Amino acid sequence: MRLSHSLIPTLKETPAEAQISSHRLMLRAGLVRQMASGIYAWLPAGLRVLAKIAEIVRQEQDASGAQEMLMPTIQSADLWRESGRYDAYGKEMLRITDRHDRELLFGPTNEEMITAILRDATKSYRDLPQILYHIQWKFRDEVRPRFGVLRGREFLMKDAYSFDLDYQSAFLSYRKMMLAYMRTFQRIGITAIPMRADTGQIGGDLSHEFHILAPTGESGVFYDAAFESGDALSVGYGPESIDAFYQANTTIYAATDEKHDLAAWAQVPEERRREGRGIEVGQIFYFGTKYSEAMGFDLPGPDGSKIYPEMGSYGIGVSRLVGAIIEAKHDEAGIIWPDAIAPFKAGLLNLRQGDAVTDAICEQIHGKLGADCLYDDRQERAGVKFAEADLIGHPWQIIVGPRGAASGTVELKRRSTGERFELSVEDALAKVAEA
Ligand code: P5A
């Protein structure tokens, strides 16, 4: 993409309304603009990050056996009356009335809707187990939306729902999702730690939150240092490996400070104990038959008796992740994106726009890298281009100046380490491709 023809409205000044780094950097790097309190427009570069995160989430959900679908954002109030949550949800629910005075709402989550769909679409115990998910916008009228996309009112969530015939099978679904989450976060390039959690609004008796460590995180967390080097990608989805993985990841203990399990904490060796702050980027719940019973969803079992499906729900804050990753990965100069989800894999900086030699080299590189390369082809000073590339946070910068160009070389800079390499165009392209 050519920067001269792109809408990436970077800001030099620090926006006054932003209190934390990720919010400031998202505005300064031209990723988002606030449209109303807690409601954001995703500009082209921001949307590229959101889409890349969503795609990794999607691939790992699919790999775990979950099926993608899409439920609407607008739901009927009657659906929520069936579970009893319509009144219980309170002011966080955005309630809407249509022209016929029918009561609707903008969905804050989808347990009721998916239960109604399965109640309607399944006939017997043979139709289970099922895990379904969608990636859809939610609305929660938070009292105090803040920190940009970290606590928005409108936000993008991946939410999955599992339906099983008994506890054993439901617990397997729960552990499968936990593994899918660990693999997802590892592929994104961040460390997220699973912690025992309270179940809050969703209900139930087993829940884990996933926290990204960052000094500005809202929750105080205690965890085992072993998590910092976890490797979920080598674990398959077979029942035995899921079981071994879950054992390892829940007995290597971690907890939030509200629900600090002293007995489990005592098992963590002294030298591996860590205390820090975390941002919750996901939460999973097992809540048994809470919704299936309340909403009259039962299936005939093998002997004809009624079976109320055992359920769980599993959320990832896709839009929150964008802010959380920046919170964990930035410096004074700007964002330091992990390779897998950067808006552009490389920034291409032409230090003398209009020079026949630098222009030709840049065109060649841009042609090879295509849309995942942001070509700074503006008539701007080198200093401006350097600062913006650091701010937007491309994992690689390919710097093409007249001196190197004359001898057939370009400079390659790695954003995360500051390393610089003087390379031929071919070698620079190869190094970017192999990362
Ligand atoms: C699980 C999926 C649920 O809603 N129902 C369906 C369950 N869980 S949750 O923990 O309440 O939300 C899941 C994740 O969504 C993100 N999130 C938010 N992101 C931005 N702004 C918000 N206001 C917001 N509220 C929740 C979090 O990442 C959370 O873990």
Side-chain angles (χ1 to χ4, degrees), residues 20 22-23 26 32 34 36-40 42 50 53-54 57 61 66 69 71 73 75 80 83 85 89 91-94 106-115 131-163 173-174 177-178 180-181 184-185 188 190 192-204 206-212 214 217-219 221 256 258 278-287 290-291 311-328:
I20 61 169
S22 60
H23 189 195
M26 287 187 76
V32 293
Q34 185 177 309
S37 170
I39 299 178
Y40 292 84
W42 292 79
L50 197 63
I53 294 174
V57 169
Q61 290 292 297
M69 62 182 294
M71 289 179 268
T73 55
Q75 307 188 20
W80 285 65
S83 71
R85 279 209 295 181
Y89 218 94
K91 282 189 174 293
E92 268 196 19
M93 179 182 276
L94 181 65
F106 196 118
T109 177
N110 287 63
E111 279 82 4
E112 283 79 359
M113 187 176 279
I114 192 76
T115 304
I131 306 180
L132 295 139
Y133 77 96
H134 71 163
I135 300 174
Q136 177 63 292
W137 294 91
K138 305 287 186 287
F139 196 96
R140 292 182 186 174
D141 204 352
E142 302 272 351
V143 203
R144 218 152 76 80
R146 59 193 175 138
F147 306 149
V149 301
L150 286 181
R151 186 168 297 283
R153 292 199 296 165
E154 190 185 46
F155 60 96
L156 188 60
M157 192 200 289
K158 183 288 299 178
D159 36 327
Y161 304 87
S162 63
F163 295 83
S173 296
Y174 184 91
M177 279 293 130
M178 178 180 275
Y181 278 31
T184 300
F185 297 129
I188 287 171
I190 44 158
I193 301 177
M195 315 215 170
R196 272 307 283 266
D198 290 326
T199 52
Q201 282 280 18
I202 309 293
L206 176 60
S207 180
H208 283 87
E209 291 175 358
F210 296 79
H211 285 260
I212 289 186
E218 286 192 290
S219 333
V221 296
T256 64
E258 306 94 63
I279 302 173
E280 180 207 311
V281 292
Q283 187 165 6
I284 60 177
F285 304 83
Y286 160 75
F287 41 73
K290 175 180 156 143
Y291 294 91
M311 293 175 58
S313 73
Y314 314 89
I316 290 184
V318 177
S319 51
R320 174 179 286 184
L321 262 170
V322 180
I325 292 163
I326 297 173
E327 208 53 54

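Each ligand, and each atom within it, is numbered from 1 in the order the structure gives. In this text the structure is predicted, and so the values were computed from the model without any measurement. Position 1 is the first residue of the sequence, and the numbers go up from there.
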Inset, instruction - Run down the list Gly317, Pro145, Ser207, Ala324 and name the one with the heavy atom closest to atom 14 (C) of ligand 1. - result: Gly317
Inset, instruction - Could you pull out, from Glu209, His211, Lys138, Arg140, the option with a heavy atom nearest to atom 9 (S) of ligand 1? - result: Arg140
Rounded to the nearest 0.5 Å, what's the gap from [atom1] on [X] to [atom2] on [Y]? Could you check?
X: Trp137; Y: Thr73; atom1: CH2; atom2: OG1; value: 11.5 Å
X: Met113; Y: Ser83; atom1: CE; atom2: OG; value: 12.0 Å
X: Arg196; Y: Leu206; atom1: CZ; atom2: CG; value: 5.5 Å
X: Glu112; Y: Tyr161; atom1: CD; atom2: OH; value: 9.0 Å
X: Ser319; Y: Tyr40; atom1: OG; atom2: OH; value: 10.5 Å

Taking distance alone, with no angle check, do [X] and ligand 1 share an N/O pair under 3.5 Å?
X: Asp159; answer: no
X: Arg151; answer: no
X: Gly315; answer: no
X: Tyr314; answer: no
X: Glu111; answer: yes

Legend entry - Residues Lys290, Glu111: salt bridge by 4.0 Å N-O rule: no
If we only count heavy atoms from C-beta on, is the [X] to [Y] side-chain gap below 4.5 Å?
X: Leu156; Y: Trp42; value: no
X: Asp159; Y: Lys138; value: yes
X: Ile114; Y: Phe163; value: yes
X: Leu150; Y: Ser22; value: yes

If you measure from each non-hydrogen atom of [X] to ligand 1, which part falls under 4.0 Å: side chain, backbone, both or neither?
X: Arg320; answer: side chain
X: Arg153; answer: neither
X: Phe210; answer: neither
X: Met157; answer: side chain

Can you list the atoms of ligand 1 that are under 4.0 Å from a heavy atom of [X]?
X: Gly282; answer: 28 (O), 30 (O)
X: Val281; answer: 28 (O), 30 (O)
X: Leu150; answer: 20 (C), 21 (N)
X: Gln283; answer: 10 (O), 30 (O)
X: Val149; answer: 20 (C)

For [X], state whether at least one heavy atom is located under 4.0 Å from any atom of ligand 1.
X: Asn110; value: no
X: Ser319; value: no
X: Leu321; value: no

Legend entry - Test item: side-chain donor near acceptor, Glu280 and Ser219, under 3.5 Å: no
Inset, instruction - Flag the pair Phe210 / Tyr181 as yes when their ring centroid distance falls below 6.0 Å, and as no otherwise. - result: yes
